[in-house]
Amino acid sequence: MRAITEDILRLELRNSQPEVYYIPTGKILTPAAREYLQQRKIKIAKEGECPQRAPEGDAAPSAPQPAPQPVTAAPKPKYVDYQSGSYYMEKPEHMTQLFDNQLVAKNHPRILFRGKLDSLQALVVLDQALIAGAGGSQQLLADLDDVLKALRNLMRCDVLDEELHSGTIIGLTHGELREHSHNPMKFYNIRQMILPSYTMGRDYALLNQLRAAIRETEVAAANAFYDGFRFSRSDIIEELNRLSSALHIMMCKYLAGDYKGAAK
């Protein structure tokens with residue numbers, strides 16, 4: 001049986017401070033080697049055994065252990081990364097709240113969709129100001145108010161992660177909006193898909209701009225709510241599609257003269 005001496009240990013442990021020294025099977029420690037380990041406060045154990053610091057020999061007494069400190073609870077994180085689950089005490093500048101305390105990067109598809117929705121609402125308000133300032137149709141302004149109300153409801157349901165309960169838009173249900181938009185000749189005596197022209201008037205051009213902006217927002221919603229397999233918010237996407245139909249109907253009503261007093 002081969003003995004492990006103090007010199008062997010000094011050479012072996014010259015660049016390390018292990019918590020435990022395991023005595024290889026078939027070997028023993030010399031008294032000097034054991035004392036050397038105890039002086040360095042290295043526990044001793046045979047291979048396969050639980051380490052114990054043996055109080056043997058003339059080992060130097062171990063230093064008194066400090067009194068245990070009271071355990072303080074870790075501070076509760078203020079924010080959580082929606083995608084990774086990471087915690088944040090402060091909101092990073094490149095992130096924003098998706099809902100509650102859930103954070104995503106500002107270029108996340110849901111945030112891009114909300115940006116489109118925000119810009120769309122701003123555009124409706126601007127167009128209303130232009131129409132009202134020129135003494136335009138009060139009925140046209142009222143229909144645009146209805147569109148704005150639907151857009152704000154969309155934003156609210158997305159931010160609060162609530163189900164969308166849609167009512168009528170410009171006085172028409174979803175089914176009626178689809179039917180009127182697909183057959184404007186029947187309802188307004190207007191040909192379908194008339195290409196816009198500046199000769200049709202400024203308010204008509206403003207309505208066409210809103211229709212196109214709604215289409216862009218609908219695409220942003222499709223990107224935001226598609227997880228690779230399904231669309232999680234088909235209610236929001238459908239509402240945007242019907243809003244696009246509503247603007248097409250308003251354009252037909254404008255050409256049919258239903259918005260009397262509209263500014264040219």
[atom1] of [X] to [atom2] of [Y]: how many Å apart, nearest 0.5 Å?
X: Ile169; Y: Leu247; atom1: CD1; atom2: CG; value: 10.0 Å
X: Leu151; Y: Leu210; atom1: CG; atom2: CG; value: 9.0 Å
X: Ile249; Y: His182; atom1: CD1; atom2: NE2; value: 9.5 Å
X: Ser234; Y: Glu239; atom1: OG; atom2: CD; value: 12.0 Å
X: Lys46; Y: Lys27; atom1: NZ; atom2: NZ; value: 14.5 Å
X: Gln121; Y: Leu126; atom1: CD; atom2: CG; value: 13.5 Å

Got a donor-acceptor contact below 3.5 angstrom from the [X] side chain to the [Y] backbone?
X: Lys43; Y: Leu37; value: no
X: Glu176; Y: Thr173; value: yes
X: Gln128; Y: Leu141; value: yes
X: Asp100; Y: Gln102; value: no
X: Thr30; Y: Ala33; value: yes
X: Thr217; Y: Ala213; value: yes
X: Glu179; Y: His174; value: no

>> Could you go through Ile42 and Val20, starting from their C-alpha distance and side-chain angles, then the distance that decides it, and tell me whether this counts as side chain to side chain contact (heavy atoms under 4.5 Å, CB included)?
In response: CA-CA 5 Å; Ile42 299 174; Val20 182; 5.6 Å; no
> When you look at Asp81 and Met95, which way does the side chain to side chain contact (heavy atoms under 4.5 Å, CB included) test go after all the steps?
Replying inline: CA-CA 9 Å; Asp81 190 306; Met95 304 190 82; 3.5 Å; yes
I'd like to know if [Y] and [X] are part of one continuous hydrophobic network [Ile/Leu/Val/Met/Phe/Trp/Tyr, side-chain heavy atoms within less than 4.5 Å].
X: Ile236; Y: Val159; answer: yes
X: Ile194; Y: Leu207; answer: yes
X: Leu123; Y: Val219; answer: no
X: Leu120; Y: Ile237; answer: no

> Does a side-chain N-to-carboxylate-O contact under 4.0 Å join Glu218 and Arg215?
Replying inline: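 Between Arg215 and Glu218 there is a salt bridge, with a charged N closer than 4.0 Å to a carboxylate O.
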> When the aromatic ring centroids of Tyr226 and Phe231 are compared, is their separation below 6.0 Å?
Replying inline: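 Between Tyr226 and Phe231, the centre distance is under 6.0 Å.
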Return the minimal non-hydrogen interatomic distance between [X] and [Y], and the atom names on each side.
X: Ile23; Y: Arg34; answer: CD1-NH2, 4.2 Å
X: Tyr188; Y: His180; answer: OH-ND1, 2.7 Å
X: Ala221; Y: Leu240; answer: CB-CD1, 3.7 Å
X: Ser137; Y: Ile131; answer: N-CG2, 4.2 Å
X: Asn107; Y: Leu112; answer: O-CD1, 3.6 Å
X: Arg202; Y: Leu130; answer: NH2-O, 3.2 Å

How about [X] and [Y]: do any of their side-chain heavy atoms sit closer than 4.5 Å?
X: Met250; Y: Leu144; answer: yes
X: Ile4; Y: Pro24; answer: yes
X: Asp235; Y: His165; answer: no
X: Asp118; Y: Met155; answer: yes
X: Leu13; Y: Pro18; answer: yes
X: Gln97; Y: Tyr79; answer: yes
X: Asn223; Y: Phe113; answer: no
X: Val80; Y: Leu103; answer: no

>> Restricting to side chain to side chain donor-acceptor pair (under 3.5 Å), what partner residues turn up for Asn208, sequence neighbours left out?
In response: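 Asn208: side chain to side chain donor-acceptor pair (under 3.5 Å) contacts with Arg211.
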> Please walk me through it: do Tyr21 and Leu29 pass side chain to side chain contact (heavy atoms under 4.5 Å, CB included)?
Replying inline: CA-CA 11 Å; Tyr21 183 84; Leu29 291 175; 4.2 Å; yes
> Testing Asp203, Asp145, Leu206 for side-chain contact (heavy atoms from CB on, under 4.5 Å) with Leu140, which one passes?
Replying inline: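 The residue from Asp203, Asp145, Leu206 that satisfies side-chain contact (heavy atoms from CB on, under 4.5 Å) with Leu140 turns out to be Asp203.
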> Is the number of heavy atoms from other residues, nucleotides or ligands within 6.0 Å of NZ (Lys91) greater than 12?
Replying inline: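 Result for NZ/Lys91: enclosed.
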>> Can you confirm whether Glu90 is buried at CD, in the sense that more than 12 heavy atoms of other residues, nucleotides or ligands lie under 6.0 Å from that atom?
In response: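 No, the 6.0 Å shell around CD holds no more than 12 heavy atoms from other groups.
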> Using links of under 4.5 Å between side-chain heavy atoms of ILVMFWY residues, direct or through other members, which residues join Phe99 in one cluster?
Replying inline: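 Members other than Phe99 - counting any ILVMFWY side chain reachable under 4.5 Å - are Tyr82, Leu98, Val104, Ile111.
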> Going through the distances and angles, do Phe225 and Arg230 end up as a side chain to side chain contact (heavy atoms under 4.5 Å, CB included)?
Replying inline: CA-CA 8 Å; Phe225 298 116; Arg230 65 186 183 90; over 6 Å; no
>> Against Asp158, only a single residue in Lys116, Arg110, Arg152, Arg233 fulfils salt bridge (Lys or Arg N to Asp or Glu O under 4.0 Å); can you say which?
In response: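 The single option meeting the salt bridge (Lys or Arg N to Asp or Glu O under 4.0 Å) with Asp158 is Arg110.
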>> Determine whether Gln139 and Asp143 satisfy the following criterion, side chain to side chain donor-acceptor pair (under 3.5 Å), listing intermediate values before the conclusion.
In response: CA-CA 6 Å; Gln139 184 56 52; Asp143 281 353; 3.1 Å; yes
>> Would you call the rings of Tyr204 and Tyr254 parallel, tilted or perpendicular, taking 30° and 60° as the class edges?
In response: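 Judged by the thresholds at 30° and 60°, the geometry between Tyr204 and Tyr254 is tilted.
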> Can you name the one residue among Gln38, Gln39, Arg40 that meets side chain to side chain donor-acceptor pair (under 3.5 Å) with Tyr36?
Replying inline: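 In the set Gln38, Gln39, Arg40, the residue that makes a side chain to side chain donor-acceptor pair (under 3.5 Å) with Tyr36 is Arg40.
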